[in-house]
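Structure, as structure tokens:
Because the structure is predicted, anything quoted here is derived from the model rather than measured. Values reported hereafter were calculated over all heavy atoms of this structure, with side chains retained and with hydrogens, waters and symmetry mates removed.
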Amino acid sequence: LQADLAALTAYLEEARAGIDLPPVNAGVRLVDGRAVASPPADGWALDVAATVARLGADAPGELADGALDLVMVPVGPAISDASPLLAQANALLSSPFELRGYDPIRDEWHSWSAPPDVWAAWLTAEPDADSATGLRLAANPEAVRAFVEANAHFADERYVDAKEAVSAMQGALAQSAAQATVRVRHGETTYEVRGGQTLAAIAEEIGIPYPYIQAANPGVNTSALSVGQRLTIPSLDILAPLEPVPYKRIVISRSQQHLWAYENGQVVFDWVISTGLPTSPTALGVFQVQTHDPNAYADQWNLYMPHFMGFYHPGPNMDLWNGFHGFPTRGGGYLLWTGDLGHPVTYGCVLLSLENAAALYQWAEDGVIVEVRG
């Protein structure tokens, strides 16, 4: 009997993630309403080299019973005593842990709460060279993941990414806070075509530039839609890829040719603007400020656009931006469109006066949500 030791080594290295039993650091648990230190536990790790060597030395003997005995070695925890963290833990565990979810597409907040006796079981200790105790409180990722999957769910395409929730909670604990914020995300959806619809009409209904729908349906003749045809609609999150700014929002009304900017729910700017011409309309949807350029140049139209803030690409994999800007110039000449505010005039951008464009440019950092309505 001969064994392919190289193949066995490769197999065990790949399989060890499901074989190893990681150690458990000392942590915190709740007893009669008070945090007490929970004990550590050793783990076990597969010794691939020793296992392979053992088989290589006596393959017939090792496999005589039809099983390969694995060589496991003990692995001690990094933290064996979490008692220096008990004061911090007791302060945190005086209240539930609140995971808050912000949906920038719908401008909605959601909240999921874990009582102290639940989230105390998530707490563990980790080394921290910058701490006076050499330790910091952390959350067990699997425990947080289980909580998110059991509680933070919706009846539609929305979801909370468990990995992002773990990271948010770890960040909260680092700040001795019992509250973390995570983004509510949107998955792909399916749309069933109705009679007489065009791709442009569907895009306006959903709130996404139509080239994104085209790109999500390769091989489908989107120029000749049929009743009952099913289209994949990409996640609306692709239009707002940056970390959102929850307390600021810009709302554009195409029908009213108006802009409102909100901060903490209060109107801070209320202006007449101009959007795109009917042949090149500003797309409906929820977008996001992503660029700032003090004087952007559009070579397609030979326009210089002051205080430019790009908030969406008209299609995927396009360098072109549509955005906010003040009255433009062409070739260094006189200002254009100065008398046109209040009706569509641009090639897809949102036009403001020079003064208002400068004010918005300073107020709206990258990440501010831009909602374009009909």
What heavy-atom pair brings V52 and L5 nearest, and what distance separates the two atoms?
CG1-CB, 3.9 Å

In terms of side-chain heavy atoms, does Y191 have a donor or acceptor partner in E205 at a distance below 3.5 Å?
yes

Do I369 and V245 have side-chain heavy atoms sitting under 4.5 Å apart?
no

Using salt bridge (Lys or Arg N to Asp or Glu O under 4.0 Å), reason through E371 and R249 one step at a time and then give a plain yes or no.
CA-CA 8 Å; E371 182 178 352; R249 196 175 188 90; 3.1 Å; yes

SB check E157 R185 (cutoff 4.0 Å):
no

Check against ring pair (Phe, Tyr, Trp, His ring centres under 6.0 Å), H110 and F154:
CA-CA 10 Å; H110 300 268; F154 300 86; 5.0 Å; yes

Inspect the contact between R158 and D156 and indicate whether a charged nitrogen and a carboxylate oxygen are less than 4.0 angstrom apart.
yes

Are the side chains of H292 and H307 in contact, using a 4.5 Å heavy-atom criterion?
no

With a cut-off of under 6.0 Å to the ring centre and 45° to the axis, is R330 in cation-pi contact with W301?
no

For F327 and W337, run ring pair (Phe, Tyr, Trp, His ring centres under 6.0 Å): C-alpha distance rounded to whole Å, both residues' side-chain angles, the deciding distance at 0.1 Å, then the answer.
CA-CA 6 Å; F327 297 130; W337 303 335; 8.8 Å; no

Between M309 and A364, the two heavy atoms sitting closest are SD-O, 3.7 Å

Determine whether the side chains of H258 and D270 contain a donor N or O and an acceptor N or O closer than 3.5 Å.
yes

So L137 and Q88, do their side chains get closer than 4.5 Å, heavy atoms only?
yes

With the 4.5 Å side-chain cut-off for hydrophobic clustering, are V345 and V350 part of the same group?
no

Can you tell whether the side chains of D161 and R183 come within less than 4.0 Å, N to carboxylate O?
no

Please test W321 against F311 for ring pair (Phe, Tyr, Trp, His ring centres under 6.0 Å), starting from the C-alpha separation and ending with a verdict.
CA-CA 7 Å; W321 283 102; F311 64 88; 8.7 Å; no

Return the orientation label for the F269 and W363 ring planes: parallel under 30°, perpendicular over 60°, tilted otherwise.
perpendicular

